[in-house]
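As the structure lists them, so they are numbered: ligands from 1, and atoms in each ligand from 1. Because only heavy atoms are used, hydrogens play no part in the values below, and waters and symmetry mates are left out as well, while side chains stay in. Predicted model only: the values in this text are computed from it and were never measured.
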Amino acid sequence: MRYAVLGAAGQLGRDLCPRLPGEVIALSRSGSTAIDLARPESLRALFDDVRPDVVVNCAAYNFVDRAESEPQEAFAVNAWGVRELARLCREHDRLLVHFSTDYVFGLDPARRQPWTESDAPGPVSVYGLSKLAGEYLVRATCPRHLVVRTCGLYGVWGSGGKGGNFVETMLRLAGQGKPLPVVDDQTCTPSYTVDVAETTLALLRAEQPGLYHVTNSGSCTWHELARTIFELSGLHADLTPIPSRDYPTPARRPVYSVLDHAGLRALGIASPRPWREALAEYLRERKQKT
Ligand SMILES: NC(=O)c1ccc[n+]([C@@H]2O[C@H](COP(=O)([O-])OP(=O)(O)OC[C@H]3O[C@@H](n4cnc5c(N)ncnc54)[C@H](OP(=O)(O)O)[C@@H]3O)[C@@H](O)[C@H]2O)c1
């Protein structure tokens, strides 16, 4: 099996590539086969030169706040580029594995129950809308697809697009001794890229196309996550819970975007471990890498 991975240098791509059971062609926007979702014509080379059996799309326009003032850029990558990718996968009868986000939810501010795959989405940001458009376009265009929604990713490679991740940002700011006001009214599930990669492999083995939620188990607010990072690292930090209104951002975030794993359960695939255990493992792993 030959896997072509777009966004291979991102934090999820870096943990997924070494686990794929076959030859892996790691793609980025530079190099001999430069693939840019914002230039759909570049995607032809994927099928003419690389000739994969499976296409895995870990690439995305991930700048949640910037997307509010750059909707064209966000849609070019997350929707129109993905549409062309899906069209080509269908034309070549290839499986397309595509990643999406919990930010496709949020429109119902009263919701406090995990979202299942069959719940109607409703994003509250341009980024969320562009990702939702992308997942619909994959599902409508390419019959052989796995669309995997995930949430709050952190991995030892940091986010390729944004630089670092929430855990690293907290550790850095605490190291500088700065006061840390962190929002305590947005609940989701921080997810370790290693666990998302492993469960994606289980989905590949199951060979059941469709839409799936893959996150670590349980949920917390960003403030609870920060507190746990410091607890597990034995660090003291000047941490204060604040409401979102005291930390205004250009993009709205869902108040509650915990994802239920009904799709995994239906296939008999175990949910990834609780987020706290995964975080402890991440903190051990990053120590070994530094
Ligand atoms: N990060 C999160 O918290 C989070 C949460 C939920 C869902 N997700 C989804 O999970 C997936 C993986 O996210 P991640 O955190 O691993 O992302 P990441 O670390 O920011 O990596 C994204 C990769 O996308 C590539 N990319 C950006 N624009 C591109 C374009 N126009 N054409 C081709 N490649 C492009 C970049 O590749 P190069 O710069 O190397 O070319 C980068 O390596 C994405 O679909 C994301 O929407 C992420």
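- Heavy-atom proximity to N62, at under 4.0 Å, picks out these atoms of ligand 1: 13 (O), 14 (P), 15 (O), 17 (O), 18 (P), 20 (O), 46 (C), 47 (O).
- Selection from A60, G155, S100 by nearest heavy atom to atom 9 (C) of ligand 1 gives S100.
- Note: N57 CG to I35 CD1 = 11.0 Å, rounded to the nearest 0.5 Å.
- Minimum heavy-atom separation, P21 to M1: O-CB, 4.2 Å.
- One finds a salt bridge joining R253 and D65 here, because a Lys/Arg side-chain nitrogen approaches an Asp/Glu carboxylate oxygen to under 4.0 Å.
- Of all the atoms in ligand 1, the ones that sit under 4.0 Å from a non-hydrogen atom of A38 are 31 (N).
- The two residues L264 and Y212 have their closest heavy-atom pair at N-CD2, 4.2 Å.
- Taking every non-hydrogen atom of A9 and a distance limit under 4.0 Å, the qualifying atoms of ligand 1 come out as 40 (O), 43 (O).
- Ring orientation note: the planes of F75 and W80 are tilted relative to one another, at an angle of 30° to 60°.
- Of the charged side-chain nitrogens involved, at least one lies within less than 4.0 Å of a carboxylate oxygen, so that E135 and R149 count as a salt-bridged pair.
- Heavy-atom distances between Y127 and ligand 1 reach below 4.0 Å in at least one pair.
- Listed by number with element, the atoms of ligand 1 under 4.0 angstrom from any heavy atom of I35 are 32 (N), 33 (C).
- Selection from D36, T193, V196, L27 by nearest heavy atom to atom 31 (N) of ligand 1 gives D36.
- Pairs passing the side chain to side chain donor-acceptor pair (under 3.5 Å) check and including a residue from residues 197-207, sequence neighbours excluded, read R19-E198.
- Under a 4.0 Å criterion applied to the non-hydrogen atoms of G152, ligand 1 contributes the atoms 3 (O), 5 (C).
- Salt bridge E91/R87: present, at least one basic N to carboxylate O contact under 4.0 Å.
- For the residues D15, L37, T215, the heavy atom positioned nearest atom 32 (N) of ligand 1 is part of L37.
- For ligand 1, the atoms closer than 4.0 angstrom to any heavy atom of V77 are 31 (N).
- With distances taken over non-hydrogen atoms, the option nearest atom 12 (C) of ligand 1 out of G10, S130, A34, C58 is C58.
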